[in-house]
**Student:** 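What follows is a structure written as structure tokens; I'll ask about it next.
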Amino acid sequence: MHTTGILLGRITLPLVAASIMLLASLPAAEATEAFKMGVVDPQAVLEKSKAGRKALDGLKEYVSTRQKLLSADEEELRSTEKTLKEQIAKLSDTEKKEKETQFRAKVQDYQKRAQEFNQELQGKQKELVDEYMKKIASATKTVAEKGGFALVVDRGSEQTVKIVIYNKDTIDLTDQVIKEFDRANSK
């Protein structure tokens, strides 16, 4: 879900900036005390967790159903266009104009439905991302508190803004967050 990735990137960039500012404001003595930092990939949590996959599958099913409706409308338009081309020579000028006007109106209706579908889809994607980012943040907080991590940063991905360029595998909390996320959302 490329759009989902972009939305996640927009959410996490301000969090990273705030975290860096927080680190810069810590006194030197506090900063050197067993400071543990971790990274997590929220996109992977959404895609690999049971609850996240279920939500994404629901979204895919919704898209598929709507796409079938739009495809049926598109096929009907093609059929109407073909019939119109076959009959055009037999029609009077008035009838031609009337049929062409009707056809254009059908095309405009189709385009309007397609645009509305895209807007609906974007809204549903945003809802899903917003809802699950809150749940992912909660699971991340639980894992971080249990592990004594002072800061957890969104690793980013190819679909989102790449925030972390390098990290040791030992500080990647993604798998732990997936387990906690599934535990907390096993409804």
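This structure is a prediction, so every number in the text was calculated from the model and none was measured.
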**Student:** How far does NZ of K36 sit from OG1 of T170, to the nearest 0.5 angstrom?
**Tutor:**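 Those atoms lie 9.5 Å apart.
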**Student:** Side chain to side chain contact (heavy atoms under 4.5 Å, CB included) with V40: which of I136, I171, V177, V153?
**Tutor:**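 For V40, the side chain to side chain contact (heavy atoms under 4.5 Å, CB included) test succeeds with only one of I136, I171, V177, V153, which is V177.
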**Student:** Go through the steps to decide whether V152 and M37 satisfy the test side-chain contact (heavy atoms from CB on, under 4.5 Å), and finish with yes or no.
**Tutor:** CA-CA 6 Å; V152 178; M37 181 174 168; over 6 Å; no
**Student:** Where do D130 and K134 land on the salt bridge (charged side-chain N to carboxylate O under 4.0 Å, His left out) test, with the steps shown first?
**Tutor:** CA-CA 6 Å; D130 290 349; K134 288 176 187 172; over 6 Å; no
**Student:** Show every side chain to side chain donor-acceptor pair (under 3.5 Å) that has at least one partner inside residues 104-117, sequence neighbours left out.
**Tutor:**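 Only D73-R113, E74-Y110 qualify under side chain to side chain donor-acceptor pair (under 3.5 Å).
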**Student:** Rounded to the nearest 0.5 Å, how far does CZ of R66 lie from CG of L121?
**Tutor:**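 Taking CG in L121 and CZ in R66, the distance rounds to 10.0 Å.
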**Student:** Checking D41 against R155 for the salt bridge (charged side-chain N to carboxylate O under 4.0 Å, His left out) test, could you report, in this order, the C-alpha distance in whole Å, the side-chain angles of both residues, the deciding distance, and whether it holds?
**Tutor:** CA-CA 5 Å; D41 183 351; R155 181 173 65 200; 3.3 Å; yes
**Student:** Rounded to the nearest 0.5 Å, what separation is found between the CG atom of D182 and the CZ atom of R53?
**Tutor:**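 Between atom CG of D182 and atom CZ of R53 there are 7.0 Å.
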**Student:** For the residue pair E47 / Q43, report whether a side-chain donor-acceptor contact shorter than 3.5 Å exists.
**Tutor:**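 A donor-acceptor contact under 3.5 Å links the two side chains.
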**Student:** Would you check if the side chain of T65 reaches a backbone N or O of E61 as a donor-acceptor pair within less than 3.5 Å?
**Tutor:**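 Yes, T65 side chain to E61 backbone: donor-acceptor pair under 3.5 Å.
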**Student:** With a 4.0 Å cut-off on N to O distance, would you call D93 and K97 a salt bridge?
**Tutor:**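 Answer for the salt bridge query: no.
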**Student:** Without placing hydrogens or testing angles, list every side-chain donor-acceptor pair under 3.5 Å for residues 79-92, not counting sequence neighbours.
**Tutor:**
unit_1, atom_1, unit_2, atom_2, d
T80, OG1, E76, O, 2.9
T83, OG1, S79, O, 2.9
S92, OG, E95, N, 3.3
S92, OG, E95, OE1, 3.4

**Student:** If you measure from NZ on K179 to OG1 on T174, what distance do you get to the nearest 0.5 Å?
**Tutor:**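 Answer for the NZ-OG1 pair, K179 versus T174, is 12.0 Å.
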**Student:** To the nearest 0.5 Å, tell me how far K135 NZ sits from L46 CG.
**Tutor:**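 These two atoms lie 10.5 Å from each other.
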**Student:** Supply the atom-to-atom distance Y62 OH to Q67 CD, rounded to the nearest 0.5 angstrom.
**Tutor:**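 If I round to the nearest 0.5 Å, the distance is 11.5 Å.
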**Student:** How would you list all residue pairs meeting ring-ring contact (aromatic ring centres under 6.0 Å, His included) that involve residues 121-163, not counting sequence neighbours?
**Tutor:**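 Found Y132-F181.
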**Student:** Indicate, with yes or no, if L59 and L70 share a hydrophobic cluster defined by side-chain heavy-atom contacts under 4.5 Å among Ile, Leu, Val, Met, Phe, Trp and Tyr.
**Tutor:**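 Same hydrophobic cluster.
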